[in-house]
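Here is the naming used below: chain letters follow the sequence lines, and residue numbers restart at 1 for every chain.
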There are 2 protein chains.
Amino acid sequence: MTVTLTTREAIARAAGQLFEQHGYTGTSVRAVAAEAGVDPALVIRHFGSKEKLFLDTMDLQGHFGGATLGPLDELGERLVATLIGPGRDVRFSAYRAMVRASDSELVRARLLDALEEMFVGPLTPRLPGPDAELRARLIGAQVAGLLDQMSLVEDPVLVSVDPALLARTYGAAIQALVDPPSHA
Amino acid sequence: MTVTLTTREAIARAAGQLFEQHGYTGTSVRAVAAEAGVDPALVIRHFGSKEKLFLDTMDLQGHFGGATLGPLDELGERLVATLIGPGRDVRFSAYRAMVRASDSELVRARLLDALEEMFVGPLTPRLPGPDAELRARLIGAQVAGLLDQMSLVEDPVLVSVDPALLARTYGAAIQALVDPPSHA
DNA sequence: GTCTATACGTCGATAGAC
DNA sequence: GTCTATCGACGTATAGAC
């Protein structure tokens, strides 16, 4: 029920919006300050640096939580459907903003941590068969790759294809890592 | 047999090295000029802008060519083995530099083009069964994701795991998109 | 035609006055 | 806490010397 925002909240809100819209480089501290209606020096004073402001503002975990829930059977298809389903825009723009800022070492570390917490961690103890952790990490790679093509470089074919077909097709490839490997 | 480099060549060589080493943001036009032993203004004069210098310098196609050759049988495993096999460092650093610079729209477009030319184009006409183009693009996504985790965020587990095991495991997931889908 | 010298505008960040 | 003034570094442009 807060009618007024604290200065810090106003800055964070403006920063999140501008970072997702124009990227890290394309968003100046001065632009954030103008959007929030405060002095540019205040932005640095409150958050320490532009980089910390970015990391404090961007949140991946909040958008992808629970994607690995449910039975292992057909988990691949459900996982993809969750990623590209309703509300995909907020997920895509958060991931896109992070990767675009990956020239920063802290941002890369955050990306690795987020993937670990959201996919590798929950998945590893549930996968049957050998090399469970490796397979969980490779499922994470598949997720990252799909997000790359759909939200970062925006492959027009993938963006506009029937989501159900995409979930079925890519889900099968993910399922190949969920199910225990069959040796030749 | 050229003993001396032209100014343009010297700039390009210095730029390529610095961009791969310190990223786009971490490499200043002035640093490139100093490394090449020329005046900073010359860099802009020869290449137009820092962004064009980056695009002229970075080359993905040259490093990944021919990864999709050979019989479709076990193509997945061979593809991964080629990506992470001997000389992986040059491939990884080229890809890493590009993604780190993906705040630029031109760089993102180049990434999409490169993946299309190297994987989607050669693969689409060869894949049996329905949705060949979609499956080829999703194989591209799998490749991008693996490169993300190994060369951009540098997942320590994936970087140090036995390459043969990795090729076998991730190769099986790629093979699931090479082979025609089996409907339930 | 190259190259040098210099300068412009903007950036992230800091110091110190209210 | 907030603003003013300012710093050094950046990408880029241009004028003019070889």
Visitor: Verify whether one side chain among A:Gln175 and A:Glu74 offers a donor that lies under 3.5 Å from an acceptor in the other.
Guide: no

Visitor: Would you call A:Asp59 and A:Arg110 a salt bridge, taking side-chain N to carboxylate O under 4.0 Å as the test?
Guide: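 No.
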
Visitor: Could you give the CD1-to-P distance, from B:Ile11 to C:dT4, as a whole number of Å?
Guide: 10 Å

Visitor: When the distance from CG of A:Asp39 to C1' of C:dA13 is rounded to whole Å, what number comes out?
Guide: 13 Å

Visitor: Rounded to whole Å, please give me the gap between CG in A:Leu42 and C1' in D:dT4.
Guide: 12 Å

Visitor: Nearest whole angstrom, please: distance from the C1' of D:dT2 to the CZ of A:Arg8.
Guide: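 In whole Å, D:dT2 C1' and A:Arg8 CZ are 16 Å from each other.
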
Visitor: Specify the separation, in whole Å, of atom CG of A:Leu53 and atom P of C:dC11.
Guide: 15 Å

Visitor: Identify which nucleotide among C:dA13, D:dC3, D:dT12 has an atom closest to any side-chain atom of B:Lys50, counting heavy atoms from C-beta outward.
Guide: D:dT12

Visitor: Taking side chain as C-beta onward, heavy atoms only, is B:Leu165 less than 4.5 Å from A:Leu134?
Guide: yes

Visitor: Using a 4.0 Å heavy-atom cut-off, does B:Thr27 contact any base of the nucleic acid, only the sugar-phosphate backbone, or nothing at all?
Guide: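 Result for B:Thr27 = sugar-phosphate.
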
Visitor: Please check: side-chain N/O of B:Arg135 versus main-chain N/O of B:Pro128, any donor-acceptor pairing under 3.5 Å?
Guide: yes

Visitor: For D:dT2, does either OP1 or OP2 sit under 4.0 Å from a side-chain N or O belonging to A:His46?
Guide: yes

Visitor: Without decimals, in angstroms, what is the distance between A:His22 NE2 and C:dT10 P?
Guide: 17 Å

Visitor: For the side chain of A:Arg45, starting at C-beta, report the closest nucleotide among C:dG12, D:dT2, C:dA5.
Guide: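 Closest nucleotide among those given: D:dT2.
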
Visitor: Rounded to whole angstroms, how far apart are CG on A:Leu18 and P on C:dC11?
Guide: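 Between P of C:dC11 and CG of A:Leu18: 13 Å.
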
Visitor: Find which nucleotide of DNA chain D each of A:Arg30 and B:Pro40 is nearest to by heavy atoms, and output the residue with the more 5' nucleotide.
Guide: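 Final value for this comparison: A:Arg30.
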
Visitor: If you check every side-chain atom of B:Thr7, which of D:dC10, C:dA13, C:dC3 has the closest atom?
Guide: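 Selected nucleotide: C:dC3.
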
Visitor: Identify which nucleotide among D:dT12, C:dG12, D:dT2 has an atom closest to any side-chain atom of B:Val29, counting heavy atoms from C-beta outward.
Guide: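 Between D:dT12, C:dG12, D:dT2, the one nearest the side chain of B:Val29 would be D:dT12.
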
Visitor: Using a strict 4.0 Å threshold on nitrogen-to-oxygen distance, state whether B:Arg108 and A:Glu154 make a salt bridge.
Guide: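 Looking at A:Glu154 together with B:Arg108, the answer is no, because their closest N to O distance does not fall below 4.0 Å.
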
